[in-house]
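Small disclaimer: the values here were computed from a predicted structure and weren't measured.
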Amino acid sequence: MTDAFSLPPDAAEPRLPVAARTLELLRTVPGLAPRYAAHPGGVRTLEELAALPPLLKDDLNTALAHLEPRSTTAATWLFQSGGSTGAPKVGYAPTGFYMAGVQEHWQALDRDDVFANAWGAGRMWGAHFLAAALADRAGCRVIALGSITREEYPDWLGFLADRGVTAIGGTPSVLRLWFTHARAAGIKLPALRKVLWLGEAWQPQLEEDLAAVAPQARRWGMFGSTETWVVGTNTPDCPADTFHPLPDQLVHAGPDGLLDFTTLNPEMLNPVLRYRTGDAGGLTDCPCGRPGRAMRVLGRRDNVVQVRGLGLHVDELVARAEREPGVSRAQVVITEDGGRATGVDVLLLAGPGTAVDAAALRTELLSATFTLSTAFQHDPEHVTVRVADALVSNDRTGKTASFVVREATGAAAATPDTAAASDGEAS
């Protein structure tokens with residue numbers, strides 16, 4: 001049982017009083033107390049921790065609404081996350097966002113860096129501020145970018161090149177916008193050496209963009225959520241899906257293939273106790289050679305969407321569309337009317353100067369995807385594949401999810417971080 005945890009008993013159990021305190025807090029929440037009635041004891045061992053029921057997203061929202069945590073040493077920041085495929089979640093953090101512990105074990109930035117912070121700022125999304133706190137710890141120079149319109153990219157890219165930017169950070173979907181525009185405009189970033197990312201899985205297509213725009217750049221990843229904050233990090237020597245948990249984050253790989261997280265940080269405001277983000281994965285050795293167990297994240301278990309009673313594997317559909325020549329990015333948009341799917345649109349972004357045979361791809365997807373061919377057997381015209389000028393993205397964060405859900409009235413009711421289907425991003 002204990003081998004399912006990222007830390008061995010002798011390293012984890014001296015720090016389990018933090019988990020025991022979290023358990024006592026959760027017992028005070030009326031909507032959650034009954035689930036812990038079968039576990040009247042404390043949390044002294046990893047076996048006792050593994051016996052506790054997992055905490056789900058709605059559970060954590062219920063707990064936070066009751067507890068209203070507050071820092072005793074700093075301002076308390078409230079952030080919202082998720083919602084790209086489920087109800088939005090709220091998280092709390094003190095000023096600094098626990099980044100002192102991250103910087104101690106992960107030196108992605110140093111004093112000589114010029115760092116462009118391209119995560120969206122404000123409007124209750126925390127990654128921009130988290131990255132700013134990391135840059136503050138490193139003592140580097142910072143350019144706060146936030147949201148950029150299509151017309152602004154060339155001027156801003158030229159500005160970054162002139163300033164000798166050595167590092168840039170953002171979600172992979174936002175970073176792809178930066179590097180796609182740079183390639184289209186013929187702009188190089190020769191000083192760029194580091195690409196920090198958080199909020200989505202790494203997109204392999206970024207490697208091609210980086211080779212053309214910034215051949216010296218390497219990726220540095222963080223994994224976490226607004227509820228857990230940063231759980232683990234990786235370096236250019238690690239696979240993109242493998243992260244080293246921080247010492248104050250305890251990762252558990254369940255027998256169902258789902259990961260859950262328990263904080264061992266006594267300063268953590270969110271009551272994170274076997275909290276499930278919806279990510280599947282396991283524990284492994286990292287080929288980088290760093291000692292200790294690493295966490296491999298296999299993706300969202302809940303990216304299987306119910307369409308007319310059948311499961312649609314969104315990631316598989318998007319992956320097939322992105323293998324089509326000329327396609328740089330794909331997105332699935334599901335239209336619903338009263339909770340029933342009335343249509344599925346596959347939106348494609350074409351690479352600069354390329355043509356895409358959307359009609360041929362639609363024919364292939366319909367014939368090869370059981371859910372689409374069966375669910376829309378009598379109305380196949382409601383499955384479309386088309387090249388779009390832009391994918392549906394969140395105006396607040398700039399994130400672009402692999403799928404969104406919209407109401408039949410027309411406007412997208414589910415864009416990344418505000419959506420309502422089955423959740424994605426911690427990463």
Quiz item: Counting heavy atoms not belonging to Gln107, are there more than 12 under 6.0 Å from its CD?
Solution: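 Yes, enclosed.
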Quiz item: Within a reach of under 6.0 Å around CG of Asp389, are more than 12 heavy atoms found that belong to other residues, nucleotides or ligands?
Solution: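 Result for CG/Asp389: open.
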Is a side-chain donor-acceptor pair under 3.5 Å present for [Y] with [X]?
{"X": "Asp279", "Y": "Thr277", "result": "yes"}
{"X": "Arg406", "Y": "Thr335", "result": "yes"}
{"X": "Trp202", "Y": "Glu207", "result": "yes"}

Taking the side chain as everything from C-beta on, heavy atoms only, tell me whether [X] gets closer than 4.5 Å to [Y].
{"X": "Asp136", "Y": "Met99", "answer": "no"}
{"X": "Leu134", "Y": "Leu196", "answer": "yes"}
{"X": "Pro190", "Y": "Gln216", "answer": "no"}
{"X": "Thr262", "Y": "Tyr275", "answer": "no"}
{"X": "Val346", "Y": "Arg362", "answer": "no"}
{"X": "Tyr153", "Y": "Thr180", "answer": "no"}
{"X": "Arg163", "Y": "Arg141", "answer": "no"}
{"X": "Leu250", "Y": "Pro245", "answer": "no"}

Is there a donor-acceptor contact under 3.5 Å from the side chain of [X] to the main chain of [Y]?
{"X": "His252", "Y": "Asp260", "value": "no"}
{"X": "Thr369", "Y": "Leu365", "value": "yes"}
{"X": "Lys188", "Y": "Ala212", "value": "yes"}
{"X": "Glu322", "Y": "Ala330", "value": "yes"}
{"X": "Arg274", "Y": "Leu52", "value": "yes"}
{"X": "Glu152", "Y": "Thr149", "value": "yes"}
{"X": "His244", "Y": "Ala294", "value": "no"}
{"X": "Asp113", "Y": "Thr166", "value": "no"}
{"X": "Asn61", "Y": "Val90", "value": "yes"}
{"X": "Lys57", "Y": "Arg276", "value": "no"}

Practice problem: Just jot down the side-chain hydrogen bond (donor to acceptor under 3.5 Å, both in side chains) partners of Arg320, sequence neighbours excluded, or say none. | Solution: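 Per chain and number, Arg320 pairs via side-chain hydrogen bond (donor to acceptor under 3.5 Å, both in side chains) with Glu324, Glu364.
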Where is the tightest heavy-atom contact between [X] and [Y], given as atom of each residue plus distance?
{"X": "Ser373", "Y": "Leu366", "result": "CB-O, 3.0 Å"}
{"X": "Leu7", "Y": "Leu264", "result": "CD1-CD1, 4.0 Å"}
{"X": "Trp178", "Y": "Ala118", "result": "NE1-CB, 3.7 Å"}
{"X": "Val102", "Y": "Leu246", "result": "CG2-CD1, 3.7 Å"}
{"X": "Phe115", "Y": "Ile168", "result": "CE1-C, 3.8 Å"}
{"X": "Cys140", "Y": "Leu109", "result": "SG-CD1, 4.3 Å"}

Practice problem: Just grab all the side-chain hydrogen bond (donor to acceptor under 3.5 Å, both in side chains) pairs involving residues 282-295, residues at least two apart or on different chains. | Solution: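 Counting only pairs at least two positions apart or across chains, no side-chain hydrogen bond (donor to acceptor under 3.5 Å, both in side chains) contact touches residues 282-295.
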Quiz prompt | Leu317 and Leu372: CA distance, side-chain angles, deciding distance, side-chain contact (heavy atoms from CB on, under 4.5 Å) verdict | solution = CA-CA 10 Å; Leu317 192 62; Leu372 294 181; 4.2 Å; yes
Value rounded to 0.5 Å, distance of [atom1] in [X] from [atom2] in [Y]:
{"X": "Leu160", "Y": "Ile143", "atom1": "CG", "atom2": "CD1", "answer": "5.5 Å"}
{"X": "Glu208", "Y": "Gln203", "atom1": "CD", "atom2": "CD", "answer": "13.0 Å"}
{"X": "Leu259", "Y": "Ser6", "atom1": "CG", "atom2": "OG", "answer": "10.0 Å"}
{"X": "Gln249", "Y": "Thr263", "atom1": "CD", "atom2": "OG1", "answer": "5.0 Å"}
{"X": "Glu48", "Y": "Thr45", "atom1": "CD", "atom2": "OG1", "answer": "3.5 Å"}
{"X": "Thr235", "Y": "Arg218", "atom1": "OG1", "atom2": "CZ", "answer": "12.0 Å"}

Practice problem: Determine, step by step, whether Leu269 and Tyr98 satisfy the side-chain contact (heavy atoms from CB on, under 4.5 Å) criterion, reporting the C-alpha distance in whole Å, the side-chain angles of both residues, the deciding distance to 0.1 Å, and the verdict. | Solution: CA-CA 10 Å; Leu269 298 184; Tyr98 316 107; 3.7 Å; yes
Could you label the plane-to-plane angle of the [X] and [Y] rings as parallel, tilted or perpendicular, counting under 30° as parallel and over 60° as perpendicular?
{"X": "Trp156", "Y": "Phe159", "answer": "perpendicular"}
{"X": "Phe243", "Y": "Phe223", "answer": "tilted"}
{"X": "Trp229", "Y": "Phe97", "answer": "parallel"}

Self-check item: Test log, rule side-chain contact (heavy atoms from CB on, under 4.5 Å), inputs Arg150 and His181
Solution: CA-CA 8 Å; Arg150 179 190 299 265; His181 282 284; 3.8 Å; yes
Quiz item: Testing Thr226, Val231, Val230 for side chain to side chain contact (heavy atoms under 4.5 Å, CB included) with Thr228, which one passes?
Solution: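 Single pass found, and it is Val231.
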Practice problem: Begin with the C-alpha distance, continue with both residues' side-chain angles, and end with the deciding distance and a verdict on side-chain contact (heavy atoms from CB on, under 4.5 Å) for His66 and Leu32. | Solution: CA-CA 10 Å; His66 177 79; Leu32 300 180; over 6 Å; no
